[in-house]
*Asks:* 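Before I ask anything, let me first share the structure, which is written out below as C-alpha cells.
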Amino acid sequence: MTGTDTATALERATLDKAARENFPVAPFFLPRAWRTDLMAVYGFARLVDDIGDGDLAPGGADARVLGVPPERADDRLALLDAFEADLRRVFDGTPHHPLLRRLQPTVRRRGLTCEPFLGLIAANRQDQLVTRYETYDDLRAYCELSANPVGRLVLAVTGTETPERIRRSDAVCTGLQIVEHLQDVAEDLRRDRIYLPAQDMKRFHVQESDLAAPSSGASVRALVAFEARRAHDLLNEGAPLVGSVHGRLKLLLAGFVAGGKAAVRAIAAADFDVLPGPPKPGKLQLLREAGTTLRGEG
C-alpha cells in the first residue's frame with residue numbers, strides 16, 4: 001500500500017463513523033464549505049476518542065504516522081502525547097497525520113484556536129487516569145473537556161459564537177455526553193469506566209456489580225431515569241440556541257438537540273434498561289423531535 005493509500009485508509013476509517021453518531025455531523029443541506037470544515041473537526045474529535053478508547057484501526061498505522069515506536073503502539077498516553085505534538089504542528093508547521101493535515105486549512109480559514117482541541121485531548125488523557133466520578137459536578141467538569149469544545153468549534157466554524165450561544169451550546173453538549181454515557185453503561189464498564197456519579201449510585205443503592213448484570217434491576221433503572229432527566233433538562237436549557245440562529249444552521253443545531261432528546265426517549269421506551277445494549281431512536285422519532293425543536297416546543 002502506498003503512502004497515499006495509507007493516508008486515505010486512515011481518514012476513511014475515522015470519517016465513516018460519522019453516520020453512527022447520535023447527531024448529524026455535516027448533513028447535505030449545509031453549504032459545502034461548512035460541510036468540509038465540520039468533517040475536518042469531526043475527524044479530529046473522532047480520532048482522539050478512538051485513541052483514548054483503544055479503538056484505532058488494527059495494524060498500528062496511526063502510531064507509525066504519529067512517530068510512536070512499535071513497542072508503544074498500544075500505549076494510549078504515548079499516542080495522545082504524539083497526537084498533541086502533531087496538533088501543534090497544525091498551527092505552526094506541517095502535521096503528519098492525514099486527519100490533521102485535513103484540519104489545517106479549516107483552522108486557518110476559520111481562525112480556530114488550539115484550546116478546544118487541547119481540551120478534547122485532555123479529556124482522553126483523563127480517561128486513562130480517572131475511571132470513576134464522585135459527584136455530578138465532577139462529571140460536568142469532565143464534560144467541559146470531553147464534549148463542550150465540540151459545540152464551541154461548530155459555532156466558530158459557522159462564525160456565530162457569542163457568549164450566550166456558547167453557554168447554551170455547552171448545555172446541549174453536556175446533555176448529549178450524559179445521554180451517551182447512559183447508552184454505553186455496559187460498554188464503559190467493560191473498559192473499567194463508570195460515568196454514573198458515585199453519590200447518585202449510593203443514593204439509589206446501586207453497586208458496581210449491578211452494572212455488570214445482563215439487564216437492569218429496579219435500582220439501576222431508577223438511577224438511569226434520574227440521570228436521563230438531568231440530561232433532558234440540559235438539552236432544554238440549551239434548546240434556545242436553535243432559535244437564536246437562522247437558515248440551515250438552525251436545522252443543524254435542531255438536529256443536535258433532537259438527537260439527544262430522541263435518545264432520552266429511546267432510553268425511557270426501554271424502561272431505562274440500558275444494560276442489554278444502547279437504546280437507539282428510530283428515524284421517525286428523530287424527525288418528530290427535530291420538528292418539535294424547530295417549533296420551539298419542549
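Given the structure is predicted, the values throughout are model-derived calculations rather than measurements.
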*Asks:* For Leu275 and Ala213, work out which heavy atoms get closest and say how close.
*Replies:* CD1-O, 3.6 Å
*Asks:* Whether the side chain of Asp188 engages the backbone of Arg193 through a donor-acceptor N/O pair (distance < 3.5 Å, no angle test) should be reported.
*Replies:* no
*Asks:* Any salt bridge linking Arg140 with Glu144? Criterion: basic side-chain nitrogen under 4.0 Å from a carboxylate oxygen.
*Replies:* no
*Asks:* Closer than 3.5 angstrom, by distance alone: can the side chain of Thr174 be matched with the main-chain N or O of Ala171 as a donor-acceptor pair?
*Replies:* no
*Asks:* Looking only at atom types and distance, does a side-chain atom of Arg221 sit under 3.5 Å from a main-chain N or O of Ser216, one as donor and one as acceptor?
*Replies:* yes
*Asks:* Check whether any side-chain heavy atom of Val107 lies under 4.5 Å from a side-chain heavy atom of Phe117, and answer yes or no.
*Replies:* yes
*Asks:* Would you kindly say whether Asp200 and Tyr133 are connected by a side-chain donor-acceptor distance under 3.5 Å?
*Replies:* no
*Asks:* Is it true that a side-chain atom of Glu289 and a backbone atom of Gly259 form a donor plus acceptor pair closer than 3.5 Å?
*Replies:* no
*Asks:* Going by distance alone, is a donor N or O of one side chain under 3.5 Å from an acceptor N or O of the other, for Ser146 and Gln177?
*Replies:* yes
*Asks:* For Arg191, which of Asp127, Asp184, Asp55 qualifies under salt bridge (Lys or Arg N to Asp or Glu O under 4.0 Å)?
*Replies:* Asp55
*Asks:* If you compare all heavy atoms of Trp34 against all heavy atoms of Val157, which two are closest, and at what distance to 0.1 Å?
*Replies:* NE1-O, 4.2 Å
*Asks:* Of the non-hydrogen atoms in Ile121 and Leu80, which two are nearest, and what is the gap between them?
*Replies:* CG2-O, 4.2 Å
*Asks:* For the residue pair Val257 and Leu235, what are the closest heavy atoms and their distance?
*Replies:* CG1-O, 4.3 Å
*Asks:* Can Leu294 be reached from Phe28 by stepping across I, L, V, M, F, W or Y side chains whose heavy atoms are under 4.5 Å apart?
*Replies:* yes
*Asks:* Quick check, are the ring centers of Phe226 and Phe272 under 6.0 angstrom apart?
*Replies:* no
*Asks:* For Ser244, does its backbone N or O pair with a side-chain atom of Arg165 as donor and acceptor, under 3.5 Å?
*Replies:* yes
*Asks:* Between Arg88 and Asp92, is the closest basic N to carboxylate O distance under 4.0 Å?
*Replies:* no
*Asks:* By the definition side-chain hydrogen bond (donor to acceptor under 3.5 Å, both in side chains), identify the one residue from Arg109, Arg102, Arg32 that meets it with Asp37.
*Replies:* Arg109
*Asks:* If you take all heavy atoms of Pro95 and Arg101, which pair is closest and at what distance?
*Replies:* O-CG, 3.3 Å
*Asks:* Assigning hydrophobic clusters by single linkage (Ile, Leu, Val, Met, Phe, Trp, Tyr; side-chain heavy-atom cutoff under 4.5 Å), is Tyr136 placed with Leu145?
*Replies:* no
*Asks:* Going hydrophobic residue to hydrophobic residue with side-chain gaps under 4.5 angstrom, can you get from Val242 over to Leu287?
*Replies:* no
*Asks:* Distance from Tyr142 atom OH to His181 atom NE2, nearest 0.5 Å?
*Replies:* 5.0 Å
*Asks:* Would you say Gln199's side chain and Glu134's backbone share a donor-acceptor pair under 3.5 angstrom?
*Replies:* no
*Asks:* Of the options Asn236, Val179, Thr292, which is the one that meets Lys261 in a side-chain contact (heavy atoms from CB on, under 4.5 Å)?
*Replies:* Asn236
*Asks:* Using modelled atom types only, decide if a donor and an acceptor are shared between the side chain of Arg132 and the backbone of Tyr195 within a distance under 3.5 Å.
*Replies:* no
*Asks:* Give a yes or no answer on whether the side chain of Asp210 reaches the backbone of Gln207 with a donor-acceptor pair at less than 3.5 Å.
*Replies:* yes
*Asks:* Would you say the side chain of Pro197 lies within less than 4.5 Å of the side chain of Asp138, judging by non-hydrogen atoms?
*Replies:* no
*Asks:* Determine the minimum heavy-atom distance between Ala78 and Val68, stating which atoms define it.
*Replies:* O-CG2, 4.1 Å
*Asks:* Answer yes or no: is there a donor N or O on one side and an acceptor on the other, between the side chain of Gln104 and the main chain of Val90, under 3.5 Å?
*Replies:* yes
*Asks:* Taking Arg64 for its side chain and Gly59 for its backbone only, find out whether a donor-acceptor pair lies under 3.5 Å.
*Replies:* yes
*Asks:* Salt bridge or not between Glu115 and Arg152? Use side-chain N to carboxylate O under 4.0 Å.
*Replies:* no
*Asks:* Between Glu187 and Arg190 (salt bridge meaning N to carboxylate O under 4.0 Å), is one present in this structure?
*Replies:* no
